[in-house]
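Worksheet: the structure to be examined is printed underneath.
Sequential numbering from 1 along the given sequence is applied to the chain's residues. Because the structure is predicted, anything quoted here is derived from the model rather than measured.
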Amino acid sequence: MKVSFSSRFFLLCIAVIHGFYISKAQDYRSVTVADADTHLPVAHASIYTKENGHFHSCLSDEQGQARVTFSFRQLIVSHLNYDKLVVSTLPDTIFLQPKYQIMSEVVVTSEEPEWIRRKLKEAVRKKDDVYFSSPGKERFAYSTQSISSNNIYRLSMEGFLRMKSKEHRRYAVCVDTALIIAADSTKLTDTSNLRRMLYEDFMAELDNSFIRSHRFYESVEREGCSADDVRLRFRSKGRNPDDRGWLLIDTTRCVVKEAHRSTGTKTNRQERTDAFLYGFAHLMGYSIDQWTRDYHVIYSERTDGSFYPAEVRYKLYMVIRDGSEDKQHREFNEQTGGGFPNMEATLRLTSCAEDMSEQTSWKELPPSWYIKYNTDADRQKEIELSNLPAMFTLYEDN
C-alpha cells in the first residue's frame with residue numbers, strides 16, 4: 001500500500017504526539033510526603049498546580065502517599081504546619097520543613113499524677129471569667145485556603161473582632177479589607193473556618209466531661225515553659241482512640257496558655273453532630289466517611305488578667321457522600337461555597353486600644369455547625385456572610 005508524503009507526515013505526527021503522552025504518562029507516579037525532621041508521613045498535604053488555565057490537585061493519604069495524575073511544570077506542596085515547597089520534578093519522597101517544633105512523645109511517667117485533674121478542674125471552674133468575660137474588641141487577621149481536585153480558594157480578611165462575653169453571647173466582625181483568590185470566578189467570603197476556630201475554642205470545650213474521658217501525662221518537654229508551666233499530653237480513654245493532643249498549663253494560676261488537639265472521624269461525629277439529625281441525613285444518602293480536625297491555639301494575657309486566643313491554626317479534612325437530590329440544598333451549597341474537602345485556616349488577634357463604641361457595622365457570627373436543620377432565617381444569614389464585600393483576583397498560573 002502506498003502512503004503519500006502528507007499521510008506519512010500525519011502518521012509521524014501521531015507517533016510523536018503518542019510518544020509525548022507516553023512520556024508524560026511515565027511521569028505520573030506516586031510520591032510520599034514526609035516530615036523533614038522526623039521522617040514521619042504527612043497526611044492531607046496538598047499538591048497542586050495551575051497551568052494553561054486549568055487547576056489540578058491531589059492529597060496525601062494517612063500514609064503520606066499521593067498519586068499525581070496530571071502533567072505539570074511546577075508543583076506546589078503545602079500543609080498548614082509546614083513551609084510551602086515548590087518542585088519541578090517528583091522524587092520518591094518530598095520532605096517538608098515543619099514551621100513549629102514537634103513535641104517529644106516522651107512523658108515523665110505513664111501514671112497520671114494526682115494533681116493534674118485538680119488543676120484542670122480549677123481551670124474549668126474559672127474559665128468563664130478568665131477567657132469569656134471581657135467584652136474586648138481585638139484587631140484580627142484571618143486567612144483560609146480550601147482545595148478540591150479542580151479548584152483552589154483563598155480568603156484573607158482583616159478588621160476588628162468583638163469577642164464573645166457576658167455582654168455579647170456571639171462573636172461579631174467589622175471587616176476593613178478582604179481579598180479572594182480563586183481559580184475561577186468564585187467570589188464568596190467563607191467565614192465558616194473563622195467561626196469554627198472561635199466557637200470550637202479549646203477552652204470553650206474543656207469541661208469536666210472532657211477531663212473524665214481523657215488520660216493526662218506529664219511531658220518532659222520544657223521549651224517555652226516558665227517555672228510554673230507544665231506540658232501535659234492527653235488521649236481519649238475509651239471508644240475513640242482518634243482523640244489526642246497536649247496543653248500547656250500554668251499550675252500556679254490554673255490557666256491554659258497553649259493547646260493542641262487532633263480528632264478523627266469517630267470523635268468528630270460524636271461531638272460535632274446531632275445523632276438524630278445525622279441518622280436522618282444518612283437515610284437521605286448523606287454520609288461522612290472521613291473527618292479529621294487539627295486545632296492549635298496560643299492564648300495571650302490582657303492587662304486586666306483575662307486571656308484571649310492570640311493565634312489559632314486550624315485544619316479540616318472531610319470526605320462526604322451526598323446522594324440528596326434536594327434542589328434547595330444544592331442551591332444553598334452554591335450560595336455559601338460548600339464542597340471543599342481540605343481546608344486550612346489561621347487567625348491572629350492583637351489587643352486593640354482603639355475606641356470602637358461608635359462602630360455600627362458589626363456582622364454577628366453564628367456558631368459553627370456541620371449538620372443542622374436550617375430555617376429560612378438561618379439560610380439568609382449564611383448567604384449574607386458568604387457575600388461580604390471583598391476584592392477578587394484569579395489564581396495565576398505558576
Side-chain angles (χ1 to χ4, degrees), residues 127-146 153-181 186-205 295 297-314 332 335-338 343 345-370 372 374-392:
K127 72 175 185 177
D128 285 346
D129 291 330
V130 174
Y131 297 91
F132 305 110
S133 64
S134 175
K137 300 177 180 67
E138 322 292 350
R139 289 285 314 182
F140 82 90
Y142 164 67
S143 62
T144 186
Q145 173 175 286
S146 303
Y153 169 91
R154 290 175 181 162
L155 169 66
S156 299
M157 184 182 290
E158 294 185 5
F160 295 91
L161 177 70
R162 190 183 71 198
M163 306 302 289
K164 184 177 75 168
S165 65
K166 294 177 180 178
E167 181 181 352
H168 301 286
R169 302 313 299 171
R170 290 186 174 185
Y171 296 94
V173 293
C174 175
V175 178
D176 283 345
T177 62
L179 172 65
I180 296 170
I181 301 174
T186 301
K187 298 183 181 180
L188 300 175
T189 48
D190 178 12
T191 62
S192 58
N193 291 328
L194 173 62
R195 291 151 57 191
R196 288 164 183 156
M197 286 189 283
L198 293 170
Y199 286 102
E200 297 172 21
D201 175 77
F202 181 83
M203 286 307 300
E205 297 185 339
Y295 187 98
V297 58
I298 300 173
Y299 297 102
S300 288
E301 187 173 6
R302 299 186 181 95
T303 55
D304 63 1
S306 64
F307 283 74
Y308 66 96
E311 181 178 338
V312 186
R313 302 195 308 274
Y314 176 82
F332 179 64
Q335 291 170 315
T336 56
M343 294 174 277
T346 59
L347 173 66
R348 290 182 175 83
L349 302 182
T350 53
S351 291
C352 173
E354 298 179 48
D355 182 10
M356 299 291 292
S357 58
E358 301 300 320
Q359 181 58 252
T360 58
S361 57
W362 292 107
K363 284 284 186 181
E364 191 174 79
L365 298 175
S368 54
W369 56 273
Y370 296 92
K372 176 187 174 186
N374 285 296
T375 64
D376 289 341
D378 290 336
R379 288 175 179 268
Q380 186 58 41
K381 189 70 175 178
E382 294 291 337
I383 293 170
E384 288 176 7
L385 287 171
S386 299
N387 289 276
L388 296 174
M391 296 178 61
F392 174 78

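Closest heavy-atom contact between M197 and A345: CE-CB, 3.7 Å. For the residue pair T189 and Y153, the shortest heavy atom distance occurs at CA-OH, 3.5 Å. Taking every heavy atom of both residues into account, R196 and Y295 meet most closely at O-CE1, 4.3 Å. The two atoms that bring F140 and L349 nearest to each other are CB-CD2, 3.3 Å, heavy atoms only. Counting all heavy atoms, side chain and backbone alike, F202 lies closest to V297 at CB-CG1, 4.0 Å.
Considering only residues two or more places apart in sequence or on other chains, E200 meets the side-chain hydrogen bond (donor to acceptor under 3.5 Å, both in side chains) condition with R293, S368, Y370. With sequence neighbours excluded, no residue forms a side-chain hydrogen bond (donor to acceptor under 3.5 Å, both in side chains) with Y171. Judged as a salt bridge (Lys or Arg N to Asp or Glu O under 4.0 Å), and not counting sequence neighbours, the contacts of R195 are E382. In this structure T346 satisfies the side-chain hydrogen bond (donor to acceptor under 3.5 Å, both in side chains) test together with S143, sequence neighbours excluded. In this structure, the side chain to side chain contact (heavy atoms under 4.5 Å, CB included) partners of E158, at least two apart in sequence or on a different chain, are R139, A141, T177. For T191, there are no side-chain hydrogen bond (donor to acceptor under 3.5 Å, both in side chains) partners, not counting sequence neighbours. With sequence neighbours excluded, the residues forming a side chain to side chain contact (heavy atoms under 4.5 Å, CB included) with V130 are K126, V255, F307, listed by chain and number.
Here the OG-CD distance, from S156 to Q145, works out to 10.0 Å after rounding to the nearest 0.5 Å. Taking CD1 from I180 and CG from L388, the interatomic distance works out to 9.0 Å, rounded to the nearest 0.5 Å. In this structure, the separation between OG on S361 and CG on D176 is 8.5 Å, given to the nearest 0.5 Å. Between atom CG of residue L194 and atom OG of residue S192 there is a gap of 9.0 Å, rounded to the nearest 0.5 Å.
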Under the criterion side chain to side chain contact (heavy atoms under 4.5 Å, CB included), I'd like the reasoning laid out for L347 against E311: C-alpha separation, chi angles, the key distance, then a yes or no.
CA-CA 6 Å; L347 173 66; E311 181 178 338; over 6 Å; no
Pair V312-I298, side chain to side chain contact (heavy atoms under 4.5 Å, CB included): steps then yes or no
CA-CA 7 Å; V312 186; I298 300 173; over 6 Å; no
From CA spacing to verdict: side chain to side chain contact (heavy atoms under 4.5 Å, CB included), L161, L198:
CA-CA 10 Å; L161 177 70; L198 293 170; 3.8 Å; yes
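Residue pairs that meet the salt bridge (Lys or Arg N to Asp or Glu O under 4.0 Å) test with at least one member in residues 160-169, sequence neighbours left out, are D129-K166. Every pair passing side-chain hydrogen bond (donor to acceptor under 3.5 Å, both in side chains) that includes a residue from residues 298-309 is listed here, sequence neighbours excluded: E138-R302, D201-Y299, R253-E301, R302-S306, D304-S306, Y308-S351.
K137 is not listed as a side-chain neighbour of F160, based on a closest heavy-atom distance of 4.5 Å or more. A 4.5 Å side-chain heavy-atom check between E364 and H168 finds every atom pair outside the cut-off. Looking only at side-chain heavy atoms (C-beta outward), N193 and Y142 come within less than 4.5 Å of each other. Counting heavy atoms from C-beta outward, R170 and P367 have side chains that approach closer than 4.5 Å. A 4.5 Å side-chain heavy-atom check between P366 and L385 finds at least one atom pair inside the cut-off.
Of the residues listed (P309, S133, S134), the one engaging M163 in a side-chain contact (heavy atoms from CB on, under 4.5 Å) is P309, and it is the only one.
With 3.5 Å as the limit, one finds no donor-acceptor pair spanning the side chains of T144 and D190.
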